[in-house]
Amino acid sequence: MGIGTLVFLGALLAVVIYFVMIYNNLVQIKHNVAKSWANIDVLLKQRHDELPKLVETCKQYMKFEQETLTKVMEARSRVFSAREAQNVGQLGQAEGALRGALGNLFALAEAYPDLKTNQTFQQLQTRISSLENGIADRREFYNESVNINNVRIEQFPDSIIAGMFNFKPAQLLEFAAEEKADVDVKQLFNS
């Protein structure tokens, strides 16, 4: 073998190694997106399990606020359905509705001193608020993972490998502006 052949084979080997490294990085990024979704899923499941306990505790005190309790349970059901279907778009909408319903519930609980001082209610409220914070943190991590994935599969030369091996962009978990707005507590008490 001549020097030209060795140089060619060395260059070919370097290109193959480079493309293998790109492929492995894309696989790792894809799995980071899946892992971050699974982290959100765990917290959504935990919150899903806690909400009926909260609603049941509230039912004992809030006889006249059945509509609010019903909205919480309906929103919980929509989040569960979106989570099970792994539909990120629907989950964002359902999450916004659930957060709004929970905000309304916690605001209305202020009008019930016995409920506010109930130890079970306080524990559940703290637990659900903690889960909400965890979900927000995980959502941020998920969106960052999705962004990294989507950028990498569009960058050259990664886009060549991504196209050859059918790497797909992932969808960000987003909420509508009205779903992110603070709850107007004053309006709740005037209605």
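Every heavy atom of this structure was used, including side-chain atoms; hydrogens, water molecules and symmetry mates were not.
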Exercise. Report the relative orientation of the aromatic rings in Tyr23 and Phe167; use parallel for angles under 30°, tilted for 30 to 60°, perpendicular for over 60°.
Key: perpendicular
Quiz prompt | Point-to-point distance, once rounded to the nearest 0.5 Å, from CD of Gln28 to CD1 of Ile148 | solution = 10.0 Å
Practice problem: Look at the side-chain heavy atoms of Ile, Leu, Val, Met, Phe, Trp and Tyr, link any pair under 4.5 Å apart, and say whether Ile161 and Val151 land in one connected group. | Solution: no
Practice problem: Tell me, yes or no, whether the heavy-atom count around Phe8 atom CZ, taken from other residues, nucleotides or ligands under 6.0 Å, exceeds 12. | Solution: no
Quiz item: Would Phe141 and Ile40 count as a side-chain contact (heavy atoms from CB on, under 4.5 Å) if you check the C-alpha gap in whole Å, the side-chain angles of each, and the deciding distance to 0.1 Å?
Solution: CA-CA 9 Å; Phe141 179 69; Ile40 291 173; over 6 Å; no
Quiz prompt | Hphob cluster co-occupancy, Val16 + Met164, side-chain heavy atoms under 4.5 angstrom | solution = no
Practice problem: Answer whether the closest heavy-atom distance between the side chains of Tyr142 and Asn39 falls below 4.5 Å. | Solution: no
Quiz item: Can any side-chain N or O of Asn143 pair as donor or acceptor with the backbone N or O of Leu172 at less than 3.5 Å?
Solution: no
Quiz item: So does Met21 have more than 12 non-hydrogen atoms from other groups sitting under 6.0 Å from CE?
Solution: no
Quiz item: Cut-off 3.5 Å, side chains only: do Lys30 and Asn32 have a donor facing an acceptor?
Solution: no
Quiz item: CD1 of Ile3: more than 12 outside heavy atoms within 6.0 angstrom?
Solution: no
Self-check item: Connected via hydrophobic side-chain network under 4.5 Å: Val15 and Phe165
Solution: yes
Exercise. Determine whether Phe156 and Val20 fall in the same hydrophobic cluster, where Ile, Leu, Val, Met, Phe, Trp and Tyr are linked whenever their side-chain heavy atoms lie under 4.5 Å apart.
Key: no
Quiz prompt | Gln86 CD to Gln171 CD distance, which is reported to the nearest 0.5 Å | solution = 12.0 Å
Quiz item: Where is the tightest heavy-atom contact between Leu131 and Leu43, given as atom of each residue plus distance?
Solution: CD2-CD2, 3.8 Å
Quiz item: Does Arg152 have any salt bridge (charged side-chain N to carboxylate O under 4.0 Å, His left out) partners at least two apart in sequence or in another chain, and if so, which?
Solution: Asp158
Quiz prompt | Leu51 CG to Ile128 CD1 distance, which is reported to the nearest 0.5 Å | solution = 4.5 Å
Practice problem: Look only at the side chain of Ser81 and the backbone of Arg78, and say whether a donor-acceptor pair between them is shorter than 3.5 Å. | Solution: no
Quiz item: Is the closest side-chain heavy-atom distance between Glu95 and Ile135 below 4.5 Å?
Solution: yes
Exercise. Over all heavy atoms of both residues, which pair between Leu105 and Cys58 is shortest? Give the atoms and the distance, please.
Key: CD1-SG, 4.0 Å
Self-check item: Nearest-0.5 Å distance that lies between atom CH2 in Trp37 and atom CG in Leu44
Solution: 7.0 Å
Quiz item: Is Asp41 salt-bridged to Lys45, cutoff N-O under 4.0 Å?
Solution: no
Quiz prompt | Atom pair OG/CD of Ser145 and Glu140 - distance to nearest 0.5 Å | solution = 10.5 Å
Practice problem: List the steps and the verdict of side-chain contact (heavy atoms from CB on, under 4.5 Å) for Leu102 and Glu132. | Solution: CA-CA 10 Å; Leu102 281 173; Glu132 290 294 323; 3.6 Å; yes
Exercise. Taking all non-hydrogen atoms of both residues into account, name the closest pair between Asn149 and Ala170 and its distance.
Key: ND2-N, 3.7 Å
Quiz item: Would you say the side chain of Ile153 lies within less than 4.5 Å of the side chain of Pro169, judging by non-hydrogen atoms?
Solution: yes
Quiz item: Can a salt bridge be assigned to the pair Lys53 and Glu50 using a cut-off of 4.0 Å between side-chain N and carboxylate O?
Solution: yes
Quiz item: Thr126 side chain to Gln122 main-chain N or O, any donor-acceptor pair under 3.5 Å?
Solution: yes
Self-check item: Value rounded to 0.5 Å, distance of CE in Met73 from CG in Leu54
Solution: 9.5 Å
Practice problem: In sequence, state the C-alpha distance, the side-chain angles, and the governing distance for Lys71 and Glu67, and then conclude on side-chain contact (heavy atoms from CB on, under 4.5 Å). | Solution: CA-CA 6 Å; Lys71 285 181 181 178; Glu67 181 181 342; 3.3 Å; yes
Quiz item: What do the steps show when you test Ile160 against Ile22 for side-chain contact (heavy atoms from CB on, under 4.5 Å), and what is the final call?
Solution: CA-CA 10 Å; Ile160 296 169; Ile22 290 173; over 6 Å; no
Exercise. Find out whether Val79 and Arg76 are in side-chain contact, i.e. whether some heavy atom of one side chain is under 4.5 Å from a heavy atom of the other.
Key: no
